[in-house]
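Okay, so here's the structure we're looking at.
Note that this is a predicted model, so its numbers are computed, not measured.
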Amino acid sequence: MKINLPTSQLEWREYSYSFQSNQKKLSFDFSIKYEFHSEKRIVKINRSNVLINDEIPDETLIGNLVFQASEALFPLTLQINSFGYLVGIINDSEIVERWKNFIPRFKDYYDNPRSLNVLNEIGQLYRNPEKLLTSLQKDWFYSTFFLPVYGEYRKDNSAKLDYPFHSKTYETELKVNEEQDQKGKTDVSLFGLVSNNENEKMEGNFLLNSDRSIHEIKLDFHFSDIQENINIFIQETKEVAERKSSLNVVFDEKDEKEKFENNKSFFVEELKNDKKLPKHK
């Protein structure tokens with residue numbers, strides 16, 4: 001069986017994101033839209049209402065600088081592969097131009113050596129698409145939302161993949177469970193360990209709409225050796241009317257082969273080094 005990315009353009013979807021560790025909380029709202037152009041799968045993202053510990057980011061020199069600098073990323077246009085994994089940044093030149101326009105805002109920071117270092121580091125990152133992509137792939141939000149739940153599953157409805165979260169790789173097993181309700185939402189559960197280390201584990205669920213877009217994500221990370229937990233929650237906040245379709249989220253092999261032949265351009269991997277990217281095995 002296989003879970004495929006949507007193969008047609010969707011409406012903008014609205015979500016909320018929450019990252020909670022022992023003593024820190026980051027939350028924001030974001031909207032996202034999938035588009036398909038030739039052989040490229042495109043995702044557009046906008047972000048708003050950023051809060052740290054449920055408050056507007058502080059007005060300290062570095063805090064304000066980092067917050068404003070991050071605004072130059074949006075709107076962000078990304079490229080994903082057929083597994084839903086982030087593989088490219090489409091509008092990197094626009095990000096650089098926005099950053100250049102942002103720089104005059106920071107003239108009050110020029111007398112501070114620390115803020116100058118931060119400005120230079122951010123500028124160098126934005127001007128290097130490969131480094132910026134790597135940075136996004138390691139970010140908690142992007143690595144969660146673009147975790148490759150799409151793709152082939154074995155006969156027992158499971159799949160395995162080695163997947164990086166932050167700076168560690170989790171040996172992860174995915175399992176497609178029964179549909180959750182009459183709306184056709186499908187649940188994919190995950191469980192992962194860092195090199196079979198019981199002290200570092202991840203578990204959670206993806207809930208998919210009937211059109212295969214994400215409705216909800218819950219991921220919990222447990223680090224028992226340092227007594228720390230991280231909880232990530234993404235939820236669709238304004239559920240749009242899902243397009244009418246006779247397609248189910250899970251396909252049998254025969255149906256999927258026919259769809260592949262009819263829609264090859266949607267499933268051709270764009271990158272030559274695809275074997276190095278996380279995918280089901």
*Same apolar cluster: Leu76 and Phe141, side chain cutoff 4.5 Å*: yes
*Decide yes or no for Glu236 and Leu207: does some side-chain heavy atom of the first lie under 4.5 Å from some side-chain heavy atom of the second?*
no
*Roughly how far, to the nearest 0.5 Å, is CG of Asn205 from CG of Asp187?*
4.5 Å
*asked:* salt bridge (Lys or Arg N to Asp or Glu O under 4.0 Å) for Glu173 and Lys175? Distances and angles first, verdict last.
replied: CA-CA 7 Å; Glu173 181 165 0; Lys175 179 78 173 180; over 6 Å; no
*Under 4.5 Å between side-chain heavy atoms, hopping through other hydrophobics if needed: is there a path connecting Leu133 to Ile90?*
no
_CE on Met1 to CG on Asn157, rounded to 0.5 Å_ = 3.0 Å
*Could you please spell out the steps behind the salt bridge (Lys or Arg N to Asp or Glu O under 4.0 Å) verdict for Arg47 and Glu71?*
CA-CA 8 Å; Arg47 188 188 69 173; Glu71 293 295 291; 2.6 Å; yes
*For the pair Tyr150 (side chain) and Arg212 (backbone), establish whether a donor and an acceptor sit closer than 3.5 Å, ignoring hydrogens and angles.*
yes
*Looking only at atom types and distance, does a side-chain atom of Arg41 sit under 3.5 Å from a main-chain N or O of Gly84, one as donor and one as acceptor?*
no
*Give a yes or no on whether the backbone of Tyr170 and the side-chain of Thr172 come within a donor-acceptor separation of less than 3.5 Å.*
yes
*Under the criterion ring-ring contact (aromatic ring centres under 6.0 Å, His included), which of Phe233, Tyr34, Tyr15, Tyr17 is the partner of Phe145?*
Tyr15
*Is any side-chain heavy atom of Leu119 closer than 4.5 Å to a side-chain heavy atom of Ile103?*
no
*Is the backbone N or O of Asp29 less than 3.5 Å from a side-chain atom of Asn49, with the two atoms forming a donor-acceptor pair by type?*
no
*Within a strict 4.5 Å, meaning less than it, do heavy atoms of the Tyr153 and Val188 side chains meet?*
yes
*side chain to side chain contact (heavy atoms under 4.5 Å, CB included) between Phe165 and Leu147, worked out*: CA-CA 9 Å; Phe165 273 106; Leu147 194 151; 3.3 Å; yes
*Quick one: pull up CZ in Phe146 and CG in Asp139 and give me the separation to the nearest 0.5 Å.*
10.5 Å
*Go through Phe74 and Phe30 one step at a time and tell me if the ring pair (Phe, Tyr, Trp, His ring centres under 6.0 Å) criterion holds.*
CA-CA 10 Å; Phe74 302 96; Phe30 68 98; 9.4 Å; no
*Do Trp140 and Phe221 pass the side chain to side chain contact (heavy atoms under 4.5 Å, CB included) test, and can you show the C-alpha distance, the side-chain angles, and the key distance before you say yes or no?*
CA-CA 11 Å; Trp140 285 107; Phe221 295 82; 3.7 Å; yes
*Checking side chain to side chain contact (heavy atoms under 4.5 Å, CB included) for the pair Val50/Leu26: CA distance, chi angles, key distance, verdict?*
CA-CA 8 Å; Val50 179; Leu26 169 67; 4.0 Å; yes
*For the atom pair CD1 (Ile89) and CD (Glu130), what is the distance rounded to the nearest 0.5 Å?*
10.0 Å
*asked:* Taking the side chain as everything from C-beta on, heavy atoms only, tell me whether Arg13 gets closer than 4.5 Å to Ile214.
replied: no
*Is the closest side-chain heavy-atom distance between Ser18 and Lys25 below 4.5 Å?*
yes
*asked:* I'd like to know if the side chain of Tyr163 and the backbone of Pro148 have a donor-acceptor N/O pair within less than 3.5 Å.
replied: no
*If every non-hydrogen atom of Glu203 is compared with every non-hydrogen atom of Phe191, which pair is closest and at what distance?*
CB-CD1, 3.9 Å
*Within one Ile-Leu-Val-Met-Phe-Trp-Tyr cluster: Ile42 and Ile45, side-chain cutoff 4.5 Å*: no
*Would you say Arg98 and Pro75 make side-chain contact, with heavy atoms under 4.5 Å?*
yes
*Transitive ILVMFWY side-chain link Leu161 to Leu193, under 4.5 Å*: no
*So, for Ala69 and Tyr126, which heavy atoms are closest and what is the spacing to 0.1 Å?*
O-OH, 2.8 Å
_Between Asn53 and Glu55 (side chain of the first, backbone of the second, donor and acceptor by atom type, cut-off under 3.5 Å), is there such a pair?_
no
*Which pair of heavy atoms, one from Leu219 and one from Gly204, lies closest together, and at what distance?*
CD2-CA, 3.9 Å
*To the nearest 0.5 Å, what is the distance between CD (Glu200) and CD (Glu228)?*
10.5 Å
*Is there a side-chain contact between Pro164 and Pro278 (heavy atoms, below 4.5 Å)?*
yes
*Give the cluster check for Val118 versus Leu116: same hydrophobic cluster or not, with ILVMFWY residues linked at side-chain heavy-atom distances below 4.5 Å.*
yes
*If you look at every heavy atom in Tyr142 and Leu136, which pair is closest and at what distance?*
CB-O, 3.1 Å
*For Ser135 and Lys131, indicate whether the former's side chain and the latter's backbone hold a donor-acceptor pair under 3.5 Å.*
no
_From CG (Leu78) to CD1 (Ile32), nearest 0.5 Å_ = 8.0 Å
*Quickly, which of Val176, Val149, Asn209 forms a side chain to side chain contact (heavy atoms under 4.5 Å, CB included) with Thr186? Name it, please.*
Val176
*Looking only at heavy atoms, what is the nearest atom pair of Arg154 and Lys281, with distance?*
NH1-O, 3.5 Å
*Verify side chain to side chain contact (heavy atoms under 4.5 Å, CB included) between Lys100 and Val96, making sure each step is shown before the conclusion.*
CA-CA 6 Å; Lys100 290 179 181 179; Val96 173; 3.8 Å; yes
